[in-house]
Amino acid sequence: AITAAVREALAAERAHGASGNARDRDVPLGRRLHRLAASAASFGEPELGARAAALGQALQRGAASEARLALAQEFLMVAESRDTARAPCS
């Protein structure tokens with residue numbers, strides 16, 4: 001879902017940098033992250049919401065490549081730690 005979209009954008013950023021079509025990808029992803037930020041706060045996930053909001057804002061305003069990469073990595077780290085914490089035990 002959204003983590004896959006962030007991973008895909010992160011891989012594209014690493015491979016191609018801020019190419020001309022990055023903005024076409026980043027603005028819609030930024031909007032999705034903004035919605036996630038609001039939902040995360042409602043569901044008691046303030047850290048996830050804060051990371052999603054920061055990344056979403058950076059994408060929508062066209063922040064520098066290095067900033068987007070760092071924020072994407074931080075978001076994924078928090079999101080994946082939440083997924084691991086919720087994984088059923090065998």
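None of these values were measured; they are calculated from a predicted model. Computed from heavy atoms alone, side chains included, the values below leave out hydrogens, waters and symmetry copies.
- Within the structure, salt bridge (charged side-chain N to carboxylate O under 4.0 Å, His left out) contacts touching residues 35-44 (residues at least two apart or in different chains) do not occur.
- Counting heavy-atom neighbours within 6.0 Å of Glu8 CD, excluding the residue itself, gives a total of 12 or less.
- Here the CD atom belonging to Gln57 is positioned 9.5 Å from the CG atom belonging to Leu71, to the nearest 0.5 angstrom.
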Show me the donor-acceptor pairs, under 3.5 Å and distance only, between side chains in residues 48-55 and residues at least two apart or in other chains.
from	atom 1	to	atom 2	distance (Å)
Arg51	NH1	Glu74	OE1	3.1

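- Residue Glu47 holds its CD atom at 6.5 Å from OG of Ser81, rounded to the nearest 0.5 Å.
- Between Arg32 and Ala5, the shortest heavy-atom distance links the atoms NH1-CB, 3.7 Å.
- Annotation: the span from Thr3 atom OG1 to Leu76 atom CG amounts to 7.0 Å, rounded to 0.5 Å.
- For the atom pair CG (Leu36) and CZ (Phe75), the distance works out to 5.0 Å, reported to the nearest 0.5 Å.
- For Ala70, there are no side-chain contact (heavy atoms from CB on, under 4.5 Å) partners, not counting sequence neighbours.
- Hydrophobic clustering of Ile, Leu, Val, Met, Phe, Trp and Tyr side chains at less than 4.5 Å, counting indirect connections, keeps Met77 apart from Leu59.
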